[in-house]
**Q** 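Right, I'll just put the structure down here and ask away after.
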Amino acid sequence: MALVLTGAFACAQAPCPIITQHRVNEMAAALDQLHRSLVDDPHARMPGEPIEAYCLRMAGKLPKEAPAVWQKRQALWQRLIQSAARATKCLVMPVKPHITSAANLSQWASATTAAQGLEHDSRRLDALYRSEIAGGGRSIAAERAYAAGTASALIHASELLEALRAALP
């Protein structure tokens, strides 16, 4: 079964493909990779630590961390967030599923809202990264803004992943 996109929306340079369960699975995999890479794999999140506090702590220089290592870590985070936003860009516009139950339509509406938030966060982080982080700039205000944006992106990605897992094409 496939989803039909409403409106004329372009994903990158080409029109969005019809969204199949396979495409939904690909988007979910990109979101899952983002979460695993930033939160689960580093094993740096303290038990019970809110995502916002984790991102704020990780956006700063860790104890004994060289500036080059910090900058490389921030570049990785930026690439992963951009990749997840690109993978889910087609969901920024509402989709019309074949299964039109109220519960399913609600899941797709939640997916659209979360995808819009992730896209916004990605653009904002990209601008901040290019202007402050990539050049080695490390103002406290830039670190906090980057951390807040990263936390927001992770939250939107988690919400989107949850909606995609529950939505039916």
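In this chain, numbering begins with 1 at the start of the sequence shown.
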**Q** For the residue pair Cys55 and Leu154, what are the closest heavy atoms and their distance?
**A** SG-CD1, 3.7 Å
**Q** Please determine whether a side-chain nitrogen of the Lys or Arg among Arg165 and Glu162 lies less than 4.0 Å from a carboxylate oxygen of the Asp or Glu.
**A** no
**Q** Inspect the surroundings of CZ in Arg144 and state if more than 12 heavy atoms from other residues, nucleotides or ligands are less than 6.0 Å away.
**A** no
**Q** Kindly give the heavy-atom pair with the smallest separation between Gln116 and Val92, and that separation in Å.
**A** NE2-O, 2.9 Å
**Q** For Ala127, is there any backbone N or O sitting under 3.5 Å from a side-chain donor or acceptor partner on Ser131?
**A** yes
**Q** Compare every heavy atom of Ala153 with every heavy atom of Leu125, then report the nearest pair and how far apart it is.
**A** CD1-CB, 4.2 Å
**Q** How long is the gap from CG on Leu160 to CD on Glu119, to the nearest 0.5 Å?
**A** 11.5 Å
**Q** Indicate the atoms forming the closest heavy-atom contact of Ala84 with Leu31, along with that distance.
**A** CB-CD2, 4.1 Å
**Q** Measure the CG-OG distance between Leu76 and Ser37 for me, rounded to the nearest 0.5 Å.
**A** 6.5 Å
**Q** So, Thr113 side chain and Ala109 main chain: donor-acceptor pair closer than 3.5 Å or not?
**A** yes
**Q** Quick check: closest heavy atoms across Ile51 and Arg45, and the distance to 0.1 Å?
**A** N-NH2, 3.5 Å
**Q** Between Ser110 and Glu159, does a side-chain contact (heavy atoms from CB on, under 4.5 Å) hold up when you go through it step by step?
**A** CA-CA 8 Å; Ser110 295; Glu159 291 170 350; over 6 Å; no
**Q** For the pair Gln33 (side chain) and Ala30 (backbone), establish whether a donor and an acceptor sit closer than 3.5 Å, ignoring hydrogens and angles.
**A** no
**Q** State, yes or no, whether a side-chain contact exists between Ser152 and Glu52 at a heavy-atom distance under 4.5 Å.
**A** no
**Q** At what distance, to the nearest 0.5 angstrom, does CD of Glu26 lie from OG1 of Thr88?
**A** 12.5 Å
**Q** Could you pull out the closest heavy-atom pair between Asn104 and Ile99, with the gap in Å?
**A** ND2-O, 2.7 Å
**Q** Is any side-chain heavy atom of Trp108 less than 4.5 Å from a side-chain heavy atom of Thr100?
**A** no
**Q** Should Val69 and Leu38 be regarded as members of a common hydrophobic cluster, given that ILVMFWY residues are connected when their side-chain heavy atoms come within less than 4.5 Å of each other, either directly or indirectly?
**A** no
**Q** What's the separation between atom OG in Ser122 and atom CD1 in Ile81, rounded to the nearest 0.5 Å?
**A** 7.5 Å
**Q** For the residue pair Trp77 and Tyr54, does the interplanar ring angle fall in the parallel (under 30°), tilted (30 to 60°) or perpendicular (over 60°) class?
**A** parallel
**Q** From Leu91 CG over to Met27 CE, what is the distance, rounded to the nearest 0.5 angstrom?
**A** 4.0 Å
**Q** Quick one: CG on Leu34 to CG on Leu80, what's the gap to the nearest 0.5 Å?
**A** 6.0 Å
**Q** Quick test of your reading of the model: are Asp126 and Arg123 salt-bridged, counting only N-O distances below 4.0 Å?
**A** no
**Q** Stepwise, does the side-chain contact (heavy atoms from CB on, under 4.5 Å) test hold for His156 with His120?
**A** CA-CA 10 Å; His156 283 125; His120 172 76; over 6 Å; no
**Q** Do the non-hydrogen side-chain atoms of Leu168 and His98 ever get within less than 4.5 Å of each other?
**A** no
**Q** Kindly indicate whether the side chain of Pro169, heavy atoms from C-beta on, has any atom under 4.5 Å from the side chain of Val24.
**A** no
